[in-house]
Amino acid sequence: MPSTTICKTVRQYNSAPVPEADMRKLQEIAKDYSTVKNYVYQRYGGIRSLPKIYPGYTVQNEMTGSGLRAQLGLPSVYFYLAVFDALGDIKNQWTQTKSRTEKCIRENDNLTPEDRHYLRFVMKQSHCFESILLEKEMVLTEEWIKSFDEVRRDVDEERLNQYLRRQVRRHLRKMHTDTVDGFAVSGKAYRYADHGIYFAIKEKRKRVFIPLTDNNCYTKQLYVRIFPEEGNIIIHAPVEAKVRQHEDYRREIGLAMGIRTMFVTDEGSIYGEKYSDYQYALADYVRAGNISYRRNKKKNAGRKKYMAGRERLEAALHTYINTEINRMLRTEKPAVIYLPKLPQSSKAGVNKKINSSVNMWQKGYVRNRLTQKCKEQSIELIEVLGKDISNECSRCGITGEKANGVFTCKACGAELPERENTAKNALKRGRCEK
């Protein structure tokens, strides 16, 4: 049964500038929050600590006995959130490390199918994976001993174990953060009242009051971002929102997503015509800023101004993306959307400027926002196989030619915009796979 609610993040803003003395108290919490995270990264981010991070209670207990909280004077409501925040980052880093290692296994021509099967097996079994990395004897249950014996029968186990260790050491990165612009806060550390919110601080039995622009009250864990120079804060609050049902949303549509035009439907409707203008403006700004930074790295002049300009351009781009997605959904009224699964961005390109634009292409943000908005509107979003989808004729299925944004099929004589042809193929493949 489909869920009737969905989690989304809402923001709250201060209605008056935060006094300098109060902002300093919030900055102290943010700084200590970052210190705790770096301590956890340093102590538990390596291979030797892998057995401790799942499920994480060992880390919590050891951090309690470390004396760091007393040394910082940080309330427990912030301290343990920082610990588990860092622990989540470490787990995510391990997920990425495994993903990169699996990619190397797939692309290594010197490995036999049996070698690849062995490596994938031990990576999926946490006890095997940990034992190999820590060079300890494996302790397996009876149900896994037989399977493991079969997997390692025809392979050089020691050679493959050494290969796996090398790949993990190569891809596992030591984490560190210099960011001191925010912190998470649990429900015990804040209280809504007097058209604002009270935050617990490092001083016992004292709180900082921040007047807010709205009277909404939340009870879940919040995240507070601080902007000392402007005297502002932004509160991020997770809320459960009802999924909207639309009786008139009945259509099935195919979508093609691109870097110049955001979306083209199977009927040729275009959404996000100015997407490339926002995208290229951001890419050019970042590229120029990076060149200037490399030339004047010692002086580091104007870096804050650069970051502020980048944030403004990203905010404008994100606003435009959300506006166009909303317009597309209101206009097309889809019940089902078929979207090709895009490949990873290639580093190859005509020149550095084009490479920079492609690398800055925020296709992940576009897809995430489309996914979120489809969930909010009870629209089914289905990914279809994207291989050769733009080269295939949507009319006859024969491979055609693309030139100057136009697709031409010599077999049946079809001639139509390239993105429209891709969207038609997405619709066709989606209906066949359904």
Side-chain angles (χ1 to χ4, degrees), residues 9 11-14 18-46 49 52-53 56-97 172-190 197-204 206-208 210 220-238 293 300 303-308 310-311 314:
T9 300
R11 293 173 176 82
Q12 290 184 297
Y13 305 89
N14 53 299
V18 180
E20 188 175 341
D22 291 343
M23 181 61 76
R24 281 199 299 270
K25 295 174 182 177
L26 297 179
Q27 284 181 278
E28 288 179 5
I29 296 173
K31 181 180 178 181
D32 290 347
Y33 194 91
S34 178
T35 300
V36 174
K37 291 183 66 174
N38 284 327
Y39 184 92
V40 176
Y41 292 152
Q42 181 65 31
R43 186 168 177 178
Y44 302 100
S49 299
K52 296 181 179 180
I53 65 174
Y57 298 114
T58 302
V59 175
Q60 181 183 8
N61 294 334
E62 290 187 2
M63 289 298 296
T64 301
S66 67
L68 181 61
R69 187 174 79 84
Q71 178 184 338
L72 296 174
L74 188 65
S76 61
V77 287
Y78 298 114
F79 180 79
Y80 289 108
L81 286 182
V83 170
F84 283 104
D85 194 357
L87 196 56
D89 293 339
I90 293 173
K91 290 179 180 179
N92 184 58
Q93 178 66 17
W94 272 107
T95 300
Q96 294 180 16
T97 299
L172 185 64
R173 299 169 184 169
K174 278 286 187 179
M175 302 186 69
H176 182 83
T177 180
D178 294 319
T179 303
V180 291
D181 65 349
F183 53 88
V185 51
S186 68
K188 296 180 179 179
Y190 68 87
I197 187 170
Y198 290 87
F199 287 116
I201 56 176
K202 295 176 69 173
E203 299 177 49
K204 291 184 178 181
K206 290 189 178 181
R207 297 194 174 216
V208 165
I210 309 293
K220 296 186 177 180
Q221 178 179 309
L222 308 177
Y223 188 84
V224 181
R225 284 199 64 193
I226 59 175
F227 303 87
E229 294 183 356
E230 296 85 3
N232 295 328
I233 69 166
I234 299 178
I235 301 172
H236 299 257
Y293 178 69
N300 195 20
R303 200 60 182 171
K304 290 184 178 180
K305 183 178 179 181
Y306 160 77
M307 292 303 297
R310 175 171 177 167
E311 288 181 1
E314 283 189 335

Taking atom [atom1] of [X] and atom [atom2] of [Y], what is their separation to the nearest 0.5 Å?
X	Y	atom1	atom2	value
I90	K52	CD1	NZ	11.5 Å
N92	M175	CG	CE	7.0 Å
L172	W94	CG	CH2	5.0 Å
N232	I226	CG	CD1	11.5 Å
E20	D22	CD	CG	10.5 Å
Q12	I210	CD	CD1	12.0 Å

Open item on the list: Regarding E28 and R24, does a basic nitrogen lie under 4.0 Å from an acidic carboxylate oxygen?
Closed with: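 Answer for the salt bridge query: no.
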Task: Qualifying ring pair (Phe, Tyr, Trp, His ring centres under 6.0 Å) pairs with a residue from residues 22-46, counting only residues at least two apart or across chains - done: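 Checked against ring pair (Phe, Tyr, Trp, His ring centres under 6.0 Å) - neighbours excluded - no pair reaches residues 22-46.
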Taking every non-hydrogen atom, the tightest pair across [X] and [Y]:
X	Y	value
P238	Q221	CD-O, 3.2 Å
I235	I197	CD1-CG2, 4.0 Å
V180	K31	CG1-CA, 4.0 Å
Q60	F84	OE1-CZ, 3.5 Å
R173	Q93	N-NE2, 3.1 Å
L72	K202	O-NZ, 3.0 Å

Task: From CA spacing to verdict: side chain to side chain contact (heavy atoms under 4.5 Å, CB included), F227, I234 - done: CA-CA 8 Å; F227 303 87; I234 299 178; 3.7 Å; yes
Look at the side chain of [X] and the backbone N and O of [Y], then say whether any donor-acceptor pair between them is shorter than 3.5 Å.
X	Y	result
K25	R207	no
S34	A30	no
N14	I233	yes
N38	T177	yes

Open item on the list: Counting neighbours of NZ on K174 that are heavy atoms of other residues, nucleotides or ligands and sit closer than 6.0 Å, is the number greater than 12?
Closed with: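 Atom NZ in K174 is crowded, with more than 12 foreign heavy atoms closer than 6.0 Å.
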Task: Q96 atom CD: more than 12 heavy-atom contacts under 6.0 Å - done: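 Yes, CD of Q96 has more than 12 neighbouring heavy atoms, counting only those of other groups under 6.0 Å.
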- [ ] Could you list the residues that satisfy side-chain contact (heavy atoms from CB on, under 4.5 Å) with A189, not counting sequence neighbours?
- [x]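 Per chain and number, A189 pairs via side-chain contact (heavy atoms from CB on, under 4.5 Å) with V77, Y78, V185, S186, A200.
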Open item on the list: Given F183, which partner from the list D32, L81, V224, D85 fulfils the side-chain contact (heavy atoms from CB on, under 4.5 Å) test?
Closed with: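 Exactly one option meets the side-chain contact (heavy atoms from CB on, under 4.5 Å) with F183, and it is V224.
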